[in-house]
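Structure record follows, encoded as structure tokens.
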There are 2 protein chains.
Amino acid sequence: MDGVRQSPGVEGGAQPGDGLSAVLVDDHPVVRAGLRAMLSEDPKIRVVAEAADGKAALDVVARLVTEGLRPDLVLMDLQMGEGMDGVAATRQLRQQCPGLPVLILTTYDTEADILAAVEAGASGYMLKDAAPEEIHRAVHDAAAGRTALAPAVAARLMGRMRDDSTSLSTREVELLELLATGLSNQQIARQLFISVATVKTHLVHIYQKLGADNRTAAVRVASERGIIRA
Amino acid sequence: MDGVRQSPGVEGGAQPGDGLSAVLVDDHPVVRAGLRAMLSEDPKIRVVAEAADGKAALDVVARLVTEGLRPDLVLMDLQMGEGMDGVAATRQLRQQCPGLPVLILTTYDTEADILAAVEAGASGYMLKDAAPEEIHRAVHDAAAGRTALAPAVAARLMGRMRDDSTSLSTREVELLELLATGLSNQQIARQLFISVATVKTHLVHIYQKLGADNRTAAVRVASERGIIRA
DNA sequence: GTGCCGGTCAACCGTTCGGTTGATGCCCTG
DNA sequence: CAGGGCATCAACCGAACGGTTGACCGGCAC
């Protein structure tokens with residue numbers, strides 16, 4: 001198992017206009033099988049290749065392109081056990097193949113994940129608990145160049161905009177991430193090239209915004225709300 | 001969508017001996033579709049029903065039993081967004097239908113999850129990144145009353161046994177879980193009906209065993225090693 | 001420009017945490 | 001039964017944390 005697999009019949013050729021050709025990237029065989037089955041319900045969608053991690057995805061897409069079989073979109077998982085991360089793969093894919101839509105399909109809807117994916121150039125963000133119809137629609141939307149966001153994801157992004165009292169500044173999120181790694185105020189200060197006093201100031205603000213009364217609770221709340229990744 | 005779905009053709013009857021009838025429990029339609037597709041490759045296995053959460057699983061199994069179509073095993077996810085938890089569902093299922101094997105099929109291999117599942121009476125623990133053949137084998141093993149453990153899971157359980165210096169006592173894990181919720185030593189003490197002094201003693205031991213120098217770091221290490229759930 | 005917000009820093013103080021030592025009781029294994 | 005591991009508790013002390021007040025500066029909006 002090399003992590004790359006082309007579906008049989010790829011060589012048949014992908015005439016433009018005869019449907020959408022998609023590449024699946026997910027480290028779980030079960031999920032790939034599920035997506036394949038789910039997408040096969042839509043006659044307009046064809047899965048032309050699969051990959052089990054980011055690196056393999058880049059390879060297989062490159063191979064398809066050199067063969068003149070440029071896919072219409074990539075369905076990408078974010079969390080992949082080994083090998084290249086989904087965000088990194090998305091970023092590189094967007095560099096190698098500008099215009100190739102990457103639709104993220106993952107389990108988690110943390111703020112950090114979503115923002116990272118959007119920043120990396122993802123054209124959509126769906127959750128795995130979505131119904132088949134939603135996924136079909138998202139695939140068509142993404143392939144057509146439209147943005148496809150799951151309701152929960154859109155809501156979270158909206159929530160980030162409006163609620164001022166709960167929204168952390170970028171600096172605060174940055175600090176929070178270091179906090180989650182177990183660093184002391186001293187270490188955080190050194191890491192960010194600021195004084196311990198500043199760290200404490202930020203922490204107080206973070207506690208207020210998250211409704212926590214100590215660092216561990218803050219990390220927990222942030223993790224639950226999806227502000228940082230567990 | 002009520003979370004319960006019976007596959008068409010169930011009424012046809014399940015003659016004993018004509019294969020294994022399985023019930024799928026997972027909140028992700030994608031995963032259910034993948035398992036269905038994956039299991040359908042084995043002609044000996046038939047998926048007779050599905051459920052999207054623990055409560056629905058209990059209902060659908062009860063219905064099957066009253067119809068005289070007692071399934072041969074249940075494939076259960078642990079993490080389910082809404083509704084009853086997989087561990088709780090497994091426990092109740094084992095009470096309602098003793099002898100009905102429950103094979104856990106989940107994404108995470110944390111010590112806490114595995115131990116909880118085993119304690120609840122699961123007869124196997126597989127990870128979703130398993131190959132189709134492994135899952136087939138696990139299903140047959142579980143249905144035959146044998147224990148089916150994924151290699152990584154078995155290794156983790158082994159690791160828990162051998163490495164004395166790194167293995168935490170049950171009490172320590174219990175404390176660690178409260179620690180991860182952001183409670184102070186005071187609060188932990190009250191929660192466990194012990195004194196703050198005892199909490200501190202446990203913490204020191206935990207720090208030693210995990211190689212951490214403070215509570216936040218301990219939580220992080222424990223989370224990374226899969227001792228507690230993120 | 002005035003005001004506001006984000007980020008930076010300092011000094012202070014009470015509380016909690018981190019770590020040590022030492023001690024008791026329990027259960028299990030050798 | 002002796003030993004060891006586990007869980008419990010107490011007292012102690014220095015260090016870190018939690019929280020406050022007050023201050024400075026740069027950018028941005030009004």
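Heavy atoms only: backbone and side chains are in, while hydrogens, waters and symmetry mates are out. So that the names make sense, note that chain A is the first sequence line, chain B the second, and so on, each numbered from 1.
- The stretch residues 184-198 of chain B touches DNA chain C through B:Ser184, B:Asn185, each having a heavy atom within less than 4.0 Å of the strand.
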- [ ] Could you check A:Glu174 against A:Leu192 for side chain to side chain contact (heavy atoms under 4.5 Å, CB included), going step by step and ending with a plain yes or no?
- [x] CA-CA 9 Å; A:Glu174 196 176 351; A:Leu192 297 180; 3.7 Å; yes
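- Comparing D:dG18, C:dG7, D:dA7 by their nearest atom to the side chain of A:Thr170 picks out C:dG7.
- Using a 3.5 Å distance cut-off with no hydrogens or angles, the side chains of A:Ser195 and A:Thr198 do pair a donor with an acceptor.
- Taking atom CD on B:Glu174 and atom P on D:dC6, their separation rounds to 15 Å, with Å as the unit.
- A distance-only check finds no donor-acceptor pair linking the side chain of B:His136 to the backbone of B:Ala131 [under 3.5 Å].
- For B:Arg215, no side-chain nitrogen or oxygen approaches OP1 or OP2 of D:dC17 to under 4.0 Å.
- Note on B:Tyr207: every side-chain N or O is 4.0 Å or more away from OP1 and OP2 of C:dG19.
- Checking each of A:Asp26, A:Leu24, A:Val23 against A:Leu75 for a side-chain contact (heavy atoms from CB on, under 4.5 Å) leaves exactly one that passes, namely A:Leu24.
- Taking atom CG of residue A:Asn214 and atom C1' of nucleotide C:dG18, one finds them 15 Å apart after rounding to whole Å.
- To the nearest angstrom, C1' of D:dA10 lies 10 Å from NZ of B:Lys200.
- Spacing between atom CG of A:Leu203 and atom P of C:dT15 amounts to 20 Å, rounded to whole angstrom units.
- Between the C1' atom of C:dC9 and the CG atom of A:Leu175 lies a distance of 14 Å, rounded to the nearest Å.
- The residue among A:Val204 and A:Leu183 whose nearest nucleotide of DNA chain D is located toward the 5' end is A:Leu183.
- Rounded to an integer number of Å, the gap from CD of B:Gln208 to C1' of C:dG18 is 12 Å.
- Here B:Arg171 contributes atom CZ and B:His205 contributes atom NE2; the two are 14.0 Å apart, rounded to the nearest 0.5 Å.
- When each of B:Asp27, B:Leu105, B:Ile104 is checked for a side-chain contact (heavy atoms from CB on, under 4.5 Å) with B:Asp77, only B:Asp27 meets the rule.
- When the P atom of C:dC5 is taken as reference, atom NE2 of A:His202 falls 16 Å away, rounded to whole Å.
- Heavy atoms only, all atoms of each residue included: B:Ala143 and B:Leu73 are closest at N-CD1, 4.5 Å.
- Regarding A:Asp213, its CG atom lies at a distance of 12 Å from the C1' atom of C:dT16, rounded to whole Å.
- Distances shorter than 4.0 Å separate none of the side-chain N or O atoms of B:His205 from OP1 or OP2 on D:dC6.
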